[in-house]
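Every chain is numbered from 1 and lettered A, B, ... according to where its sequence line falls, protein lines coming before strand lines.
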Amino acid sequence: MTHPIGCREAVERLWGYLDGELDGTAHGAMEAHLAYCLRCCGELAFAREIRDVLRTRGAGDLPGGPLERLHAFIDRLDTATDTGATT
Amino acid sequence: MGEQMLETAERTSLQALARAELPGLYALARQLAGTSAEDLVQETLLRACRSIHRLRDPKAAPRWLRVILVNVWRDGLRKAGRDPREIPVEDEVTFSLYRTLAEEDPLPYSDTMHVDFLGAFSKRDVQLVLGRLPDLYRVPLVLRYIEGFSTTDIAQLLELPPGTVYSTLHRGRQRFERALWDYAEESGLLDDHDRGDRPGERGTS
Ligand SMILES: [Zn+2]
């Protein structure tokens, strides 16, 4: 059914597979490849780790000063828009 | 009149919404605009005020605000003559951190070297690495993996064909991996393994 793929193609599609963004055929080809290729399984597990690194460590803690100023800005939003352009 | 009252009600709910979403919006703004993040959030909220009447489903509000933020950011870049979507001509990098680690074996005493390598990066390290990537690559990565937008969403946000976003994400991930490796080498991240002298939080996972 699905045509067999080698490691080069498998690695190219690794993240698409991980992110659930492959179409049915490509997904099937990946599963077939992963069923026997240990190296690509290792790459896949590692890609998942990298994705977690981005998600959990990619964003910094927010400084309080700007947040406080932005809260004050929000408090004044109703008057701010009255002086702006009319709808 | 009735319309006026409606507007007031909408504004009040926008204020509540803005307060609830502020940390997330500001975090995204920092990823996109760095030191101009505060201005970007302000502009976003002003634009949201003007179009709140188009928001029908309150549950869609967090995402709606983020979409506005990305649009405001992009409009600003365009005005400044910097289109974040410009793709450099060359730019084929093939780099596999997985294979590089297997070949270079930087942590010879570790049985779980791949995981340990990533574990050596603190939050601050990861953010510095991300910051080294050009906007073109960093922004889709942030939108995809930190903000959780789908590739299709990002294509709409950046007005790019999905195929282009797909390949930009692919290159961006490779660059991120490469940058992790370079950073680890330059900063001696793997040398001082106990790292008692390095301030900053460790990863929380
Ligand atoms: Zn393989």
Side-chain angles (χ1 to χ4, degrees), chain A residues 7-23 26 34 37-87, chain B residues 7-8 11-12 14-16 18-19 22-23 25-28 30-31 37-38 41-42 45-46 48-51 53 96-99 101-102 114-115 117-119 121-127 129-130 141-142 144-148 150-152 166 169-170 173 176-177 180 201-205:
Chain A
C7 290
R8 189 188 55 79
E9 233 178 313
V11 166
E12 242 163 51
R13 296 179 186 174
L14 208 60
W15 283 78
Y17 177 77
L18 190 62
D19 292 343
E21 292 191 333
L22 294 184
D23 64 37
L34 290 169
C37 182
L38 272 182
R39 183 168 68 161
C40 285
C41 284
E43 293 238 21
L44 180 67
F46 187 59
R48 192 173 280 126
E49 295 285 337
I50 291 183
R51 193 175 64 171
D52 283 350
V53 165
L54 272 171
R55 195 170 42 89
T56 58
R57 290 177 242 165
D61 301 325
L62 303 176
L67 278 177
E68 263 171 47
R69 286 195 295 273
L70 284 168
H71 268 293
F73 180 81
I74 292 171
D75 292 340
R76 289 192 310 270
L77 262 185
D78 50 345
T79 49
T81 47
D82 284 341
T83 56
T86 50
T87 52
Chain B
E7 275 191 15
T8 310
R11 233 170 247 163
T12 311
L14 179 78
Q15 282 179 311
R19 281 188 202 102
L22 184 60
L25 283 179
Y26 180 55
L28 174 57
R30 271 165 53 98
Q31 294 277 8
E38 204 175 333
V41 173
Q42 289 187 0
L45 294 176
L46 289 174
C49 270
R50 293 196 292 269
S51 55
H53 59 279
S96 162
L97 181 55
Y98 181 79
R99 292 184 192 185
L101 286 169
H114 285 88
V115 173
F117 174 84
L118 294 178
F121 287 82
S122 70
K123 259 183 149 185
R124 196 183 126 72
D125 293 326
V126 173
Q127 284 144 35
V129 169
L130 257 183
L141 282 182
V142 165
R144 183 73 187 86
Y145 297 110
I146 299 178
E147 295 293 326
S150 72
T151 304
T152 319
Y166 194 83
L169 278 169
H170 180 72
R173 288 184 300 252
F176 179 65
E177 291 188 13
L180 284 172
E201 70 281 57
R202 301 298 304 268
T204 52
S205 51

*For the residue pair A/Trp15 and B/Leu169, establish whether any side-chain heavy-atom pair is separated by less than 4.5 Å.*
no

*Contacting region of B/Leu130 [heavy-atom separation from chain A under 4.5 Å]*: side chain

*State, yes or no, whether a side-chain contact exists between A/Phe73 and B/Leu46 at a heavy-atom distance under 4.5 Å.*
yes

*For the pair A/Arg51 (side chain) and A/Leu18 (backbone), establish whether a donor and an acceptor sit closer than 3.5 Å, ignoring hydrogens and angles.*
yes

*Under 3.5 Å, side chain of B/Gln31 to main-chain N/O of A/Gly58, donor-acceptor pair present?*
yes

*Among B/Glu147, B/Arg30, B/Glu177, which residue forms the greatest number of heavy-atom pairs with chain A at distances under 4.5 Å?*
B/Arg30

_With a 4.5 angstrom heavy-atom cut-off, is it the side chain or the backbone of B/Leu25 that approaches chain A, or both, or neither?_
neither

*chain A: which of B/Val115, B/Leu101, B/Leu97 shares the most heavy-atom pairs with it under 4.5 Å?*
B/Leu97

*Below 4.5 Å from any heavy atom of chain A, which atoms of B/Gln42 appear? Answer side chain, backbone, both or neither.*
both

_Minimum heavy-atom distance between A/Cys41 and A/Leu34, given as atom pair plus value_ = SG-O, 3.2 Å

*Counting only heavy atoms closer than 4.5 Å, note whether B/Ser150 contacts chain A via side chain, backbone, both or neither.*
both

